[in-house]
*Asks:* 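Structure incoming, see below.
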Amino acid sequence: MAILITGGTGFIGSHTAVELLNEGYDVVSVDNLSNSKKDVVDRISEITGKPVIFYHVDLLDRQSLRKVFQQHKFTSVIHFAASKVLSESISEPINYYRNNVEGTINLLELMQEYGVQQLVFSSTAAVYAESAQSPLTEDSPCLAETPYGRTKLFCEEIIRDVHNSGKGLCAVILRYFNPIGAHASGLIGEEPNLNPDNLMPYVAKAASGEIECVAVYGNDYPTKDGTGVRDFIHVVDLAKGHLQALEKLQQSPALYTYNLGCGRGHSVMDVIQAYEQACAKKIPYKITARRAGDLAEVFADPSKAEREMGWKAQLTIADMCRDSWTWKQRCQRA
Ligand SMILES: NC(=O)c1ccc[n+]([C@@H]2O[C@H](COP(=O)([O-])OP(=O)(O)OC[C@H]3O[C@@H](n4cnc5c(N)ncnc54)[C@H](O)[C@@H]3O)[C@@H](O)[C@H]2O)c1
């Protein structure tokens, strides 16, 4: 019996594959490689000493996806595969709805057809309303403000409806805050093919001299140093949350929603300073205008995940920056 991971060569999928393999699960990974590289599969095996079965498959290609379900008996699916760049979702909404919503529907249909009843779904803090006050709980109002956020909110609703239809689907919806960092081995990390719009890849590039400086979008927010505050979480802590979610489904199959964050905010300047410590150099940055839609402060109340799944983030912002820098240096050598 194996776990199917969609988006398994991506940033969070690859780290989750490592944690699953380390815990003795068999892993089958599918990815269309639109935002990741095939050699991640070998690097996952190098870290764990265990094989990963990989299929280069697009979730929109139902026939190819069906073949994967025909070849393996899955206990559970962890569904990461999606397009995730907020700004791109505003200019390419149709592609985002097709990829994220249709991909999820195809997967749910095949799960139903092949009797796979446990799903862990990657959602996001972007489903919460801009007006919701941090710390955000799972009961904070949801009103996604971008097409990307809406694709995730719609998928959550679809999953709820399928669960409520009584055909056996149980699911854990995980709303991630801001995953950063990399595996401590330096063998896997954030390696997007597409231009990201999150902070960390740019901090890492500025540290390595690939770009002149990091753009800091606004320093006039009502925060301690004027820059935006987010709930940064180490990707390995986040990956471990998926194992807790699988256990939760095995122990009491139902539908759950949990925030995965550290429960405290760090400002953009905090991250830059922590990265300077990690790489032992100054990171040039430039204050620019605020970005439309960016909020002053967003952080989670992750206490429900701790109470109900026994999950709590362990790693610090210093750990996140150290591991990201180890990974960045490896990328430069490669
Ligand atoms: N990284 C974040 O900041 C963040 C925050 C909140 C939620 N999420 C969600 O977590 C999940 C994983 O994010 P990530 O950071 O690892 O992103 P990622 O882009 O690194 O990984 C996603 C993977 O899915 C693949 N993919 C995309 N569409 C596909 C399709 N139709 N068929 C097969 N494969 C496909 C991509 O090639 C990529 O490897 C996504 O659903 C994302 O929306 C990410």
Side-chain angles (χ1 to χ4, degrees), residues 4-18 28-41 44 54-62 64-65 68 77-89 92 95-107 110 119-128 136 144 146-156 159 173-183 188-201 230-239 241-242 245 258-261 298 300 320 324:
L4 174 65
I5 305 188
T6 74
T9 42
F11 177 43
I12 306 169
S14 57
H15 289 80
T16 304
V18 166
V28 175
S29 167
V30 301
D31 202 297
N32 67 359
L33 303 179
S34 58
N35 201 31
S36 56
K37 296 179 181 62
K38 167 112 183 357
D39 70 353
V40 170
V41 176
I44 293 169
F54 175 74
Y55 294 94
H56 183 180
V57 162
D58 194 311
L59 293 196
L60 301 182
D61 175 358
R62 283 167 49 91
S64 302
L65 192 58
V68 177
V77 175
I78 308 182
H79 177 32
F80 297 102
S83 307
K84 65 162 186 180
V85 183
L86 259 77
S87 54
E88 190 186 53
S89 79
E92 305 285 341
N95 290 344
Y96 270 67
Y97 285 109
R98 180 172 295 121
N99 199 41
N100 295 3
V101 180
E102 194 179 320
T104 300
I105 291 174
N106 286 347
L107 184 68
L110 285 166
L119 174 71
V120 180
F121 176 67
S122 297
S123 191
T124 167
V127 298
Y128 291 115
L136 296 164
T146 59
Y148 166 72
R150 279 190 282 278
T151 66
K152 291 291 181 177
L153 201 50
F154 294 164
C155 286
E156 287 195 10
I159 290 164
I173 291 167
L174 297 176
R175 293 180 179 155
Y176 313 149
F177 280 67
N178 295 75
I180 59 173
H183 194 263
I188 54 171
E190 198 167 4
E191 200 179 10
N193 301 335
L194 307 165
N195 277 342
D197 58 6
N198 50 329
L199 174 69
M200 203 58 161
R230 294 291 177 273
D231 188 335
F232 296 98
I233 172 168
H234 197 297
V235 64
V236 172
D237 272 335
L238 190 73
H242 296 76
Y258 297 116
N259 285 338
L260 294 189
V298 180
M320 302 175 209
S324 165

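In listed order, ligands and their atoms are each counted from 1.
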*Asks:* What's the shortest distance from atom 35 (C) of ligand 1 to any protein heavy atom, and which residue and atom give it?
*Replies:*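 Checking every protein heavy atom, the shortest distance to atom 35 (C) of ligand 1 gives N32 OD1, 3.1 Å.
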
*Asks:* Among D197, T146, N195, which residue meets the side chain to side chain donor-acceptor pair (under 3.5 Å) test with S87?
*Replies:*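 Checked D197, T146, N195 against S87; only one passes side chain to side chain donor-acceptor pair (under 3.5 Å): D197.
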
*Asks:* Among all protein heavy atoms in this structure, tell me which lies nearest to atom 19 (O) of ligand 1, with the distance rounded to 0.1 Å.
*Replies:*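 Minimum-distance protein heavy atom for atom 19 (O) of ligand 1 reads N35 ND2, 2.8 Å.
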
*Asks:* Can you check which of A82, G103, G13 brings a heavy atom nearest to atom 22 (C) of ligand 1?
*Replies:*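 Checking each option, the heavy atom nearest atom 22 (C) of ligand 1 is found in A82.
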
*Asks:* Would you indicate whether the side-chain heavy atoms of F232 and M200 approach each other to under 4.5 Å?
*Replies:*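 No. Closest side-chain heavy atoms not under 4.5 Å.
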
*Asks:* Please state which protein non-hydrogen atom is closest to atom 14 (P) of ligand 1 and give its distance, to 0.1 Å?
*Replies:*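 That would be K84 NZ, 3.7 Å.
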
*Asks:* From the options N100, N106, N99, L238, select the one whose nearest heavy atom is closest to atom 28 (N) of ligand 1.
*Replies:*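 The residue whose heavy atom sits nearest atom 28 (N) of ligand 1 is N99.
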
*Asks:* Are H15 and F80 close enough that their ring centres sit under 6.0 Å apart?
*Replies:*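 Centroid distance H15-F80: not below 6.0 Å, so no.
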
*Asks:* Determine whether V85 and P196 make a side-chain contact, defined as any pair of heavy atoms from C-beta on separated by less than 4.5 Å.
*Replies:*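 Side-chain contact under 4.5 Å: no.
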
*Asks:* State, yes or no, whether a side-chain contact exists between E156 and F121 at a heavy-atom distance under 4.5 Å.
*Replies:*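 Yes; the side chains approach each other to less than 4.5 Å.
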
*Asks:* Between N193 and K37, is any side-chain donor less than 3.5 angstrom from a side-chain acceptor?
*Replies:*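 Looking only at side-chain atoms, K37 and N193 do form a donor-acceptor pair, the distance falling under 3.5 Å.
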
*Asks:* What part of K152 sits under 4.0 Å from ligand 1 if we count only heavy atoms: the side chain, the backbone, both or neither?
*Replies:*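 Contact part for K152 vs ligand 1: side chain (C-beta onward).
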
*Asks:* Should F11 be counted as touching ligand 1, given the test is an N or O pair under 3.5 Å?
*Replies:*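 Between F11 and ligand 1 (N or O atoms, distance only) the closest approach is under 3.5 Å.
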
*Asks:* Is there a side-chain contact between S122 and K152 (heavy atoms, below 4.5 Å)?
*Replies:*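 They are in contact (side-chain heavy atoms under 4.5 Å apart), so the answer is yes.
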
*Asks:* Counting heavy atoms only, which of Y176, F177, F80, Y148 is nearest atom 10 (O) of ligand 1?
*Replies:*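 Comparing heavy atoms across Y176, F177, F80, Y148, the nearest one to atom 10 (O) of ligand 1 lies in Y176.
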
*Asks:* Decide whether the shortest distance between a heavy atom of P179 and an atom of ligand 1 is less than 4.0 Å.
*Replies:*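 The answer is yes: ligand 1 sits under 4.0 Å from a heavy atom of P179.
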
*Asks:* Could you tell me whether some N/O pair between N198 and ligand 1 is separated by less than 3.5 angstrom?
*Replies:*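 N/O-N/O distance under 3.5 Å: no.
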
*Asks:* Return a yes/no value for D58: is any of its N or O atoms, backbone included, closer than 3.5 angstrom to an N or O of ligand 1?
*Replies:*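 Right, the criterion is met.
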
*Asks:* I need the contact type for L33 against ligand 1. Using non-hydrogen atoms and a strict under-4.0 Å cut-off, is it side chain, backbone, both or neither?
*Replies:*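 Backbone only; the side chain of L33 stays clear of ligand 1.
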
*Asks:* Out of the candidates T9, D61, N99, D58, only one should pair with N32 under the side chain to side chain donor-acceptor pair (under 3.5 Å) rule; please name it.
*Replies:*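 Result for side chain to side chain donor-acceptor pair (under 3.5 Å) with N32: D58.
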
*Asks:* In Å and rounded to the nearest 0.5 Å, what is the OG1 to CG distance from T124 to L86?
*Replies:*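 Reported value, rounded in 0.5 Å steps: 7.5 Å.
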
*Asks:* N/O to N/O below 3.5 Å, does that happen between G7 and ligand 1?
*Replies:*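 Min N/O separation from ligand 1 is not below 3.5 Å for G7.
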
*Asks:* Taking distance alone, with N or O pairs closer than 3.5 Å, would you say S36 contacts ligand 1?
*Replies:*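 Yes - when backbone and side-chain N and O of S36 are compared with those of ligand 1, one distance drops under 3.5 Å.
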
*Asks:* Give the atoms of ligand 1, by number and element, whose distance to some non-hydrogen atom of V57 is under 4.0 Å.
*Replies:*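 Answer, ordered by atom number: 32 (N), 33 (C).
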
*Asks:* Does even one non-hydrogen atom of S34 get within less than 4.0 Å of ligand 1?
*Replies:*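 Checking ligand 1 against S34, which is what was asked, there is a heavy-atom contact under 4.0 Å.
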
*Asks:* Suppose I only count heavy atoms of G10 and a 4.0 Å limit; which atoms of ligand 1 are within that range?
*Replies:*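 So the atoms of ligand 1 that pass are 16 (O), 20 (O), 21 (O), 39 (O).
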
*Asks:* What protein heavy atom lies closest to atom 32 (N) of ligand 1? Include the residue and the distance to one decimal.
*Replies:*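 Checking every protein heavy atom, the shortest distance to atom 32 (N) of ligand 1 gives L59 N, 2.9 Å.
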
*Asks:* Backbone, side chain, both or neither: what part of S123 comes under 4.0 angstrom of ligand 1, heavy atoms only?
*Replies:*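 Under 4.0 Å from ligand 1, S123 contributes backbone atoms alone.
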
*Asks:* Heavy-atom contacts with T124 under 4.0 Å: which atoms of ligand 1 show up? List them by number with element.
*Replies:*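 Those of ligand 1 that fall under 4.0 Å from T124 are 6 (C), 7 (C).
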
*Asks:* In terms of side-chain heavy atoms, does Y148 have a donor or acceptor partner in E88 at a distance below 3.5 Å?
*Replies:*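 There is no such pair (donor and acceptor under 3.5 Å, judged by atom type) between the side chains of Y148 and E88.
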
*Asks:* Evaluate side-chain contact (heavy atoms from CB on, under 4.5 Å) for H242 paired with I5, printing each intermediate quantity in order.
*Replies:* CA-CA 11 Å; H242 296 76; I5 305 188; over 6 Å; no

*Asks:* Starting from atom 16 (O) of ligand 1, locate the nearest protein heavy atom and write down its residue, its atom name and how far away it is, to 0.1 Å.
*Replies:*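 Result: I12 N, 2.8 Å.
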
*Asks:* Quick one: which of D31, N178, I180, L86 has a heavy atom closest to atom 23 (C) of ligand 1?
*Replies:*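 Comparing heavy atoms across D31, N178, I180, L86, the nearest one to atom 23 (C) of ligand 1 lies in D31.
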
*Asks:* Atom CG in L136, atom CG in D231: separation rounded to 0.5 Å?
*Replies:*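 That separation rounds to 9.0 Å.
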
*Asks:* How are the rings of Y97 and F154 set relative to one another: parallel (under 30°), tilted (30 to 60°) or perpendicular (over 60°)?
*Replies:*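 If you compare the ring of Y97 with that of F154, the planes turn out parallel.
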
